[in-house]
**Q** 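For reference, the structure I am asking about is given below.
The chain is numbered in sequence order, starting from 1. Worth saying up front: this structure is predicted, and the values here are computed from it rather than measured.
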Amino acid sequence: QLRLVDSGGNLVQPGGSLRLSCNSTTPRFDYYAIGWFRQAPGKEREGVACINFNGMITNYADSVKGRYNMSRDNFKNRVYLQMNSLKPEDTATYYCAASSRQFCELDQSQFHSWGQGTQVVVSS
């Protein structure tokens, strides 16, 4: 029932920055924890980051910790993923997803509504 639209993917040079957005029109958007996942060609989808329902707690994969920052604006029904110091291995299609839980873990089984994906390419 929850529909998410993710956007902001682009081509960026190594060391650059990019901000992804995830939007929803649901009237109960503030009840959901939101996560970001990514899938590179030939690899399984992996968790990147997630944020709890009120934006006070975030979790990050070790591979992006210190470089990525997640935030949300529930009044605008929007979640952001700020990506800094990008590396070629960050290249992937990124998906935002919603969980019915208020607090999140990087566990795909907890997320049931997914965006269509936005592509990030880190290359010279």
Side-chain angles (χ1 to χ4, degrees):
Q1 294 183 359
L2 180 63
R3 186 169 183 172
L4 302 175
V5 179
D6 36 32
S7 62
N10 210 337
L11 171 65
V12 62
Q13 293 193 130
S17 297
L18 204 59
R19 188 178 73 168
L20 307 183
S21 297
C22 178
N23 295 278
S24 176
T25 59
T26 179
R28 298 295 302 276
F29 180 76
D30 60 337
Y31 194 76
Y32 298 91
I34 303 294
W36 284 98
F37 300 82
R38 67 185 182 187
Q39 186 168 23
K43 294 186 177 181
E44 296 183 352
R45 187 170 59 192
E46 62 178 349
V48 175
C50 63
I51 191 167
N52 77 324
F53 73 107
N54 61 9
M56 294 183 64
I57 301 173
T58 52
N59 292 311
Y60 300 94
D62 289 340
S63 59
V64 306
K65 195 171 298 181
R67 299 189 297 118
Y68 288 18
N69 291 286
M70 193 172 177
S71 61
R72 69 188 299 164
D73 185 343
N74 288 336
F75 291 119
K76 296 183 178 180
N77 295 331
R78 189 173 300 162
V79 168
Y80 302 99
L81 181 66
Q82 178 67 45
M83 303 182 293
N84 302 312
S85 301
L86 285 165
K87 305 175 181 179
E89 50 263 43
D90 293 318
T91 297
T93 299
Y94 285 70
Y95 303 86
C96 66
S99 169
S100 60
R101 298 189 179 196
Q102 292 184 317
F103 297 89
C104 72
E105 297 177 352
L106 294 176
D107 182 352
Q108 296 184 57
S109 66
Q110 298 180 7
F111 296 82
H112 304 290
S113 299
W114 296 79
Q116 81 286 353
T118 184
Q119 185 171 288
V120 173
V121 178
V122 184
S123 176
S124 298

**Q** What residues, two or more places apart in sequence or in another chain, satisfy side chain to side chain donor-acceptor pair (under 3.5 Å) together with Q119?
**A** none
**Q** Report the residues that fulfil salt bridge (charged side-chain N to carboxylate O under 4.0 Å, His left out) with D6, sequence neighbours left out, ordered by chain and then residue number.
**A** none
**Q** Answer yes or no: does atom CD of Q82 have more than 12 heavy-atom neighbours from other residues, nucleotides or ligands under 6.0 Å?
**A** yes
**Q** From S24 OG over to R78 CZ, what is the distance, rounded to the nearest 0.5 angstrom?
**A** 11.5 Å
**Q** So C50 and F111, do their side chains get closer than 4.5 Å, heavy atoms only?
**A** yes
**Q** Just checking R101: does its CZ atom have more than 12 heavy atoms from other residues, nucleotides or ligands closer to it than 6.0 angstrom?
**A** no
**Q** Can you name the closest pair of heavy atoms from T91 and V122 and give their distance?
**A** OG1-N, 2.9 Å
**Q** Using side-chain contact (heavy atoms from CB on, under 4.5 Å), reason through R38 and V64 one step at a time and then give a plain yes or no.
**A** CA-CA 12 Å; R38 67 185 182 187; V64 306; 4.0 Å; yes
**Q** Just checking Y60: does its OH atom have more than 12 heavy atoms from other residues, nucleotides or ligands closer to it than 6.0 angstrom?
**A** yes
**Q** Please work out whether the ring planes of W114 and F37 are parallel, tilted or perpendicular, with thresholds of 30° and 60°.
**A** tilted
**Q** Of the non-hydrogen atoms in C104 and N52, which two are nearest, and what is the gap between them?
**A** SG-N, 4.3 Å
**Q** Angle between ring planes, Y94 versus Y68, binned at 30° and 60°: parallel, tilted or perpendicular?
**A** tilted
**Q** Does the side chain of N84 reach to within under 4.5 Å of the side chain of N69, using non-hydrogen atoms?
**A** yes
**Q** After noting the C-alpha distance and the side-chain angles of K65 and D62, does the key distance pass the salt bridge (charged side-chain N to carboxylate O under 4.0 Å, His left out) rule?
**A** CA-CA 5 Å; K65 195 171 298 181; D62 289 340; 3.2 Å; yes
**Q** Are more than 12 heavy atoms, taken from residues, nucleotides or ligands other than E44, located less than 6.0 Å from that residue's CD atom?
**A** no
**Q** Going by heavy atoms in the side chains, are Y95 and L4 under 4.5 Å from each other?
**A** no
**Q** Checking R67 against D90 for the side-chain contact (heavy atoms from CB on, under 4.5 Å) test, could you report, in this order, the C-alpha distance in whole Å, the side-chain angles of both residues, the deciding distance, and whether it holds?
**A** CA-CA 11 Å; R67 299 189 297 118; D90 293 318; 2.8 Å; yes
